Amino acid sequence: MLSQIKSPADLATLSVSELTELSQEIRTFLIEKVSKSGGHLGPNLGVVELTIAIHRTFDSPKDIVLFDTGHQSYVHKILTGRADSFDQLRQRGGISGYPNRSESPDDVIENSHASTALSWGDGISRGFQLQGRDDRYVVVVVGDGALTGGMSWEALNNIAPAEKRNLIIVVNDNERSYSPTIGGVATYLSTLRVTSGYEKFLDWGKEVLQKTPVVGGPIFDTLHGVKKGIKDIVAPQGMFEDLGLKYMGPIDGHDIAAMERALAQAKAYGAPILVHAITEKGRGHKPAVADEAEKFHAVGVVDPETGEPLAKSGTTWTKVFSEEIVEVGAKRSDVVAITAAMLGPTGLDEFQRRFPERTIDVGIAEQHAVTSAAGMAFTGLHPVVAVYSTFLNRAFDQMLLDVALHKAGVTFVLDRSGITGDDGPSHHGIWDLALTGIVPTMHVAAPRDGARLRELLNEAIEINDAPSMIRFPKGAVTSDIPAFERRDGIDVLYRGESADVLMISVGAMASVAVEAASQAYREGVGVTVIDLRWVKPLPASLITMVERYSTLVVVEDGIRHAGIGSSISELLRDAGIDTPLHSIGVPLEFIEHSKRSEILNDLGITAQNIARSVVEWSSTFKEEMQLQQDENASRKQTR
């Protein structure tokens, strides 16, 4: 069946039995392909029938289908003609793990950050309404925790009062918060709530009863309350209807026929409406269902039968942090851990097991997490907020004005900093150094290895009158790189034979910088490599150190614009030092998905490329100096 599906239109003629067969084939296909490439397996196994029902009811891309978050879109990609591209899922030249406009007109939102799609849906449906395009519909699939984000509720608050708007919100409830109410009564009430005659009857009843002296109003309120109470018995819709948003459900999200009936009714309603679907994350794959913690939310390369990883990875940066924060927690009862729906991915799951009362998971609500941390710091606690680097972007205002302004002792731990690779533009952690660089009082540390991560985490938690941040990349931690010496907090990692070049490596760039220095030495250029450890505030002793060298090179894995190289340039300029400075880092652009090593190679952030550049810069500097000396000598002879 699957080989016959080239577009959503191919679904229209399929029988019930054929749709069931197709659903099974899609699950088998997902397990096979995602097990080879890695990706979000569990969420997509849970939305097979739901996505089929949507594409049988609506006409994409004329009708807009949005996913929140975008990692639920694999089935959508399959049904819109991209099944043949799954062999290169999340790989260079292949399809993205999220919707991507360059792949298909059926994709709209490329941003993979959660809780945004309802605002997109509000804007698109409002745009259609204002332009009189009443033949187009917008479907927003919201699930996998996206409703825990405050932006979703801001959007709902704006969507609810809208009239004559073709906006259908499908809540993909895979968290087992409710049991689906299935049967004739639930189906009848769901139908009743979206029947225009029913709404007209309520309006008529309200008008008549409220004209009745004394008792009319109370009678209507009582009857309306009873009506609502009866519905609450069979469906948890009260919260949404209290917002003024029409509600249908719960509906079995794995029953294609039931979902199609509900979606067809919602489509005919003519105003914003919410359809509540109950689904099972990881459905149809025993290892995923058995994974109570994550339901195979995101997997690496695994055995498709057992779900076990096929390759043993080395110790990761996340693991080092996880172990050390537990050690810190055992010594300091004032340390609390906060994350935003990422206990396992950030390594806080072990801290939670040891100290459950001191572990707070706020859901996908980074803004709340940061301001709540400021409040806890006010009481004398020391919060450690652990998130992916890219997700701190969402809480910049809170970090700046709730934490830094109030001199709150909060430590931010940013996993997946720098180039992350597979997940594309909105998951790269390349903005954090630039963002935190403009936050007054912020202390920023970039450990080069596991030993420094442990060391710097402990130093950061000792800072109680200002915010601090530790950042590290994705993947296996490098072998520890010992320092020859430490001068005023600065580690010297490699000593050049001559004072040609001073190279400052930022964080995990240390191993690349040391190798580049070694290669440059073989070309006759002396390069000394240092690690500042704390890159904000910059140490005053750096000025004296730079003055001894002919050229300065900064190697970082964040954006060059407003990055560490930029900060050092400003420091030297203010000190009146004109030593030439070259910055090696990430350009100011959005970078598509690919392996981290491939992207770094593209950007020239490799030992070989850096060594070549350093040799050229040093040679140019020497030539310019020689030319200047020759010109000076010539002037003397002329006089």
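Basis for what follows: all heavy atoms, side chains included, without hydrogens, waters or symmetry-related copies. In this text, all values refer to a predicted model and were calculated from it rather than measured experimentally. Just so you know, residue 1 is the first one in the sequence shown, and it goes up from there.
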Salt bridge check, [Y] against [X]: does any charged N sit closer than 4.0 Å to a carboxylate O?
X: Asp87; Y: Lys33; value: yes
X: Arg573; Y: Glu570; value: no
X: Glu32; Y: Lys36; value: yes
X: Asp491; Y: Arg448; value: yes

For [X], I'd like to know if atom [atom1] has over 12 heavy atoms of other residues, nucleotides or ligands within 6.0 Å.
X: Asp480; atom1: CG; result: yes
X: Glu305; atom1: CD; result: no
X: Glu598; atom1: CD; result: yes

query = Given the rule in the side-chain contact (heavy atoms from CB on, under 4.5 Å) test, do Val403 and Phe412 qualify, once you have shown the distances and angles that lead to the verdict?
reply = CA-CA 11 Å; Val403 175; Phe412 296 91; 4.2 Å; yes

Heavy-atom side-chain proximity of [X] to [Y] below 4.5 angstrom:
X: Ser505; Y: Leu493; answer: yes
X: Pro99; Y: Val108; answer: no
X: Val34; Y: Leu89; answer: yes
X: Ile325; Y: Ile461; answer: yes
X: Ile338; Y: Pro383; answer: yes
X: Gln367; Y: Met151; answer: no
X: Arg533; Y: Arg486; answer: yes
X: Glu592; Y: Asn100; answer: yes

ask   = Does the side-chain contact (heavy atoms from CB on, under 4.5 Å) test come out yes or no for Arg101 and Glu110, once each step is laid out?
value = CA-CA 7 Å; Arg101 293 183 184 183; Glu110 298 187 24; 3.2 Å; yes

How many angstroms lie between [atom1] in [X] and [atom2] in [Y], if you round to the nearest 0.5 Å?
X: Thr116; Y: Asp68; atom1: OG1; atom2: CG; value: 5.0 Å
X: Glu556; Y: Ile504; atom1: CD; atom2: CD1; value: 10.0 Å
X: Asp449; Y: Arg452; atom1: CG; atom2: CZ; value: 4.0 Å
X: Ile605; Y: Ile599; atom1: CD1; atom2: CD1; value: 10.0 Å
X: Arg90; Y: His593; atom1: CZ; atom2: NE2; value: 9.0 Å
X: Gln352; Y: Thr359; atom1: CD; atom2: OG1; value: 5.5 Å

Do [X] and [Y] meet the criterion of a side-chain donor-acceptor pair at a distance under 3.5 Å?
X: Asp415; Y: Thr346; value: no
X: His582; Y: Thr551; value: no
X: Thr606; Y: Asn609; value: yes
X: Glu324; Y: Asn458; value: yes
X: Gln519; Y: Glu523; value: no
X: Asp432; Y: Ser417; value: yes

ask   = What pairs with His113 under side-chain contact (heavy atoms from CB on, under 4.5 Å), at least two apart in sequence or on another chain?
value = Asn111, Thr390, Phe391, Arg394, Ser426

Which atoms form the tightest heavy-atom contact between [X] and [Y], and what is the distance?
X: Ala446; Y: Leu456; result: C-CD1, 4.2 Å
X: Thr528; Y: Tyr549; result: OG1-OH, 3.3 Å
X: Gly145; Y: Thr148; result: O-OG1, 2.6 Å
X: Thr420; Y: His428; result: N-ND1, 3.2 Å
X: Ala611; Y: Ala516; result: CB-O, 3.5 Å
X: Pro587; Y: Leu603; result: CD-CD2, 3.5 Å

ask   = Is the ring centre of His297 less than 6.0 Å from the ring centre of His71?
value = yes

Check whether [X] reaches the backbone of [Y] with its side chain - one donor and one acceptor, N or O, closer than 3.5 Å.
X: Arg358; Y: Val335; value: yes
X: Thr318; Y: Gly347; value: no
X: Lys77; Y: Ser96; value: yes
X: Arg596; Y: Gly421; value: no
X: His406; Y: Leu401; value: yes
X: Ser619; Y: Val615; value: no
X: Ser618; Y: Val614; value: no

request  = Check side chain to side chain donor-acceptor pair (under 3.5 Å) between Arg560 and all other residues, then give those that pass, not counting sequence neighbours.
outcome  = none

request  = Can you sort out the partners of Thr411 under side chain to side chain donor-acceptor pair (under 3.5 Å), two or more places apart, ordered by chain and number?
outcome  = His382, Ser468

task = For a side-chain contact (heavy atoms from CB on, under 4.5 Å) with Leu502, tell me which candidate from Thr579, Leu581, Val554, Ile530 qualifies.
result = Ile530

task = Classify the angle between the aromatic ring planes of Phe321 and Phe472 as parallel (below 30°), tilted (30 to 60°) or perpendicular (above 60°).
result = tilted

request  = Go through the steps for Val527 and Tyr521 under the test side-chain contact (heavy atoms from CB on, under 4.5 Å), then give the verdict.
outcome  = CA-CA 7 Å; Val527 180; Tyr521 167 72; over 6 Å; no

request  = Could you walk me through whether Leu433 and Lys536 pass side-chain contact (heavy atoms from CB on, under 4.5 Å), step by step?
outcome  = CA-CA 9 Å; Leu433 290 172; Lys536 186 179 185 299; over 6 Å; no

